[in-house]
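Encoded as structure tokens, the structure appears first; notes follow it.
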Number of protein chains: 2
Amino acid sequence: MTLMIPEHPPVIPDIVIGRLPLYLRALKHMIQEGKRTTSSRELGRRLGISSAQIRKDLSHFGEFGKQGTGYHLQHLVKELQQILKLDRLWPVAVIGAGFLGHAVASYNGFEERGFRISWIFDNNPEQIGQKINDISIQSMSELEETIERENARIAILAVPAVHAQAVTDRLVAAGIQSILNYAPINLEVPENVNVGYSDPVIQLQHMTYYIDKGD
Amino acid sequence: MTLMIPEHPPVIPDIVIGRLPLYLRALKHMIQEGKRTTSSRELGRRLGISSAQIRKDLSHFGEFGKQGTGYHLQHLVKELQQILKLDRLWPVAVIGAGFLGHAVASYNGFEERGFRISWIFDNNPEQIGQKINDISIQSMSELEETIERENARIAILAVPAVHAQAVTDRLVAAGIQSILNYAPINLEVPENVNVGYSDPVIQLQHMTYYIDKGD
DNA sequence: TTAGAATGGTGAAAAATTTCACATGCGGAT
DNA sequence: ATCCGCATGTGAAATTTTTCACCATTCTAA
């Protein structure tokens, strides 16, 4: 008889998960270029990543390549999509219909990569009822009811910084599990909620460190 | 007589540099809240980072705190701004005046954090000459001449993915050293040029991995 | 004046991440 | 049919990053 050693589900480092979408994006580009296969070396060259790292990352999930040949693009893409749960279309709520919310909601690149902007909220009476890309802007007062009824899981936060935390609290209470935050503040959320940040100034400030001002 | 051992300028890990803007942003918030001092513990709590890490990060650049007391906010902010070369106002060129370029150029949060949108370019004749936030949209044909004349160092790229690499090549040739890229592709640049990426889909795809679909 | 609590800076230890390097297997060319 | 080059998957090593744990210092309060 075997001892009952509980099988820990293998925990994959988050830093590995974070690279998979980059692999996926590059692999899809290759398909569009008409390629059928690639290698860890070629993919690494495109992304500025070592081939060993790519192989190691993929090895967490299975064996997707063939020695001597490399990876079949269609197959690897399908595997990555499955791993990242992109084998479906995730509906996304956009909160805030200012310039930024408009830009996000008008972007047509979501659908082919697994997401669809399905709801837009704002508290400006003049905007409510107007349409962006065929989606009617709803009042913020309908936020909770809509998210709960529709079982929304993902939100993009494009409201002014002063309101971001309060809106976040409402989103979390309503059941949102992933938030992409465009407001320049750190959000406090329970640990079962994930937050992604997009503050262009943070990135610019990072880069300025390396600028050699030679003028 | 001492042996001439060449002093390596201490190389600071990039991952450390990347956290400094986050510290800076949080510290400024504290100032706005009326606080005068803080501690590594308090800052860490706000950012979800260990206090030890904050102390270690800062120790790369000097000793900015006082034992028993913590850090004087104004002083630490000033030091961080100096380290990140934010003790000046960096002019930034925005390339692309679609929805996204508009949103970026209309955002008023740049100036207080070290940047000013100074030029906007687009190739749509209908847009050229129009103004966003008092800046006239210029033709793409003026790109190189303007960048070189004005000594621009930083660009925000908000053009369709198909044009992103070609525009990048022009920016680099004209002397741009930092590019914040909103197009969903990996850019190839010489190693003296820095690229920051902002592709919302990449972040969403990262987060979906962790969503537990319990419905 | 002194005791005690709070805090920074830091060498050492631990943990995480990346790279190395090689056994193995596939496929095309001769 | 066989050989050779290419490419994967992977333990082990190297490197990087984070955390630990403690001394020294400062401030507060009794």
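Residue numbers begin at 1 in each chain, while the letters A, B, ... track the order of the sequences. Quick caveat, the model's predicted, so the values are computed rather than measured.
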B:Arg41 side chain near C:dA6 phosphate (N/O to OP1/OP2, under 4.0 Å): no
Between C:dT24 (P) and A:Glu63 (CD): distance, integer Å: 14 Å
Test log, rule side-chain hydrogen bond (donor to acceptor under 3.5 Å, both in side chains), inputs A:Gln53 and A:Asp57: CA-CA 6 Å; A:Gln53 177 155 87; A:Asp57 283 352; 5.2 Å; no
Whether B:His206 and B:Tyr210 hold their rings parallel, tilted or perpendicular, with breakpoints at 30° and 60°: tilted
Interatomic distance where NE2 belongs to A:His72 and C1' belongs to C:dG27 [whole Å]: 17 Å
Smallest separation among heavy atoms of A:Gly109 and B:Val201, with atom names: O-CG2, 4.5 Å
Touch class at under 4.0 angstrom, heavy-atom based, for A:Ile15 against every strand present: sugar-phosphate
Stepwise salt bridge (Lys or Arg N to Asp or Glu O under 4.0 Å) check, A:Asp87 with A:Lys78: CA-CA 8 Å; A:Asp87 47 0; A:Lys78 195 159 270 180; over 6 Å; no
Spacing between B:Tyr71 atom OH and C:dT7 atom C1', to the nearest angstrom: 9 Å
Bounds of contact between DNA chain D and chain B, in 5' to 3' order, using a heavy-atom cut-off under 4.0 Å: D:dT17 to D:dC27
Whole-Å gap separating C1' (C:dA6) and CZ (B:Arg55): 11 Å
Criterion salt bridge (Lys or Arg N to Asp or Glu O under 4.0 Å) on B:Glu148 and B:Arg170, from CA distance to verdict: CA-CA 11 Å; B:Glu148 284 165 25; B:Arg170 291 175 62 184; over 6 Å; no
Rounded distance in Å - NZ (A:Lys56) to P (C:dT19): 12 Å
Touch class at under 4.0 angstrom, heavy-atom based, for A:Ser51 against every strand present: nothing
Residues that B:Asn194 engages under side chain to side chain donor-acceptor pair (under 3.5 Å), provided they are two or more places apart: none
Euclidean distance, atom CG of residue B:Asp14 to atom C1' of C:dT17 [Å, nearest integer]: 15 Å
Rounded distance (nearest 0.5 Å) linking atom CD of B:Glu79 with atom CG of B:Leu20: 12.0 Å
Value in whole Å for how far the P atom of C:dG9 lies from NE2 of B:His60: 13 Å
Short side-chain N/O contact to C:dT18 OP1/OP2 from A:Gln53, under 4.0 Å: yes
Side-chain-base donor-acceptor pair under 3.5 Å for A:Lys66 and C:dG27: no
N or O in side chain of A:Ser50 less than 4.0 angstrom from C:dT18 OP1/OP2: no
Integer-rounded Å distance: C:dG8 P and B:Asp57 CG: 13 Å
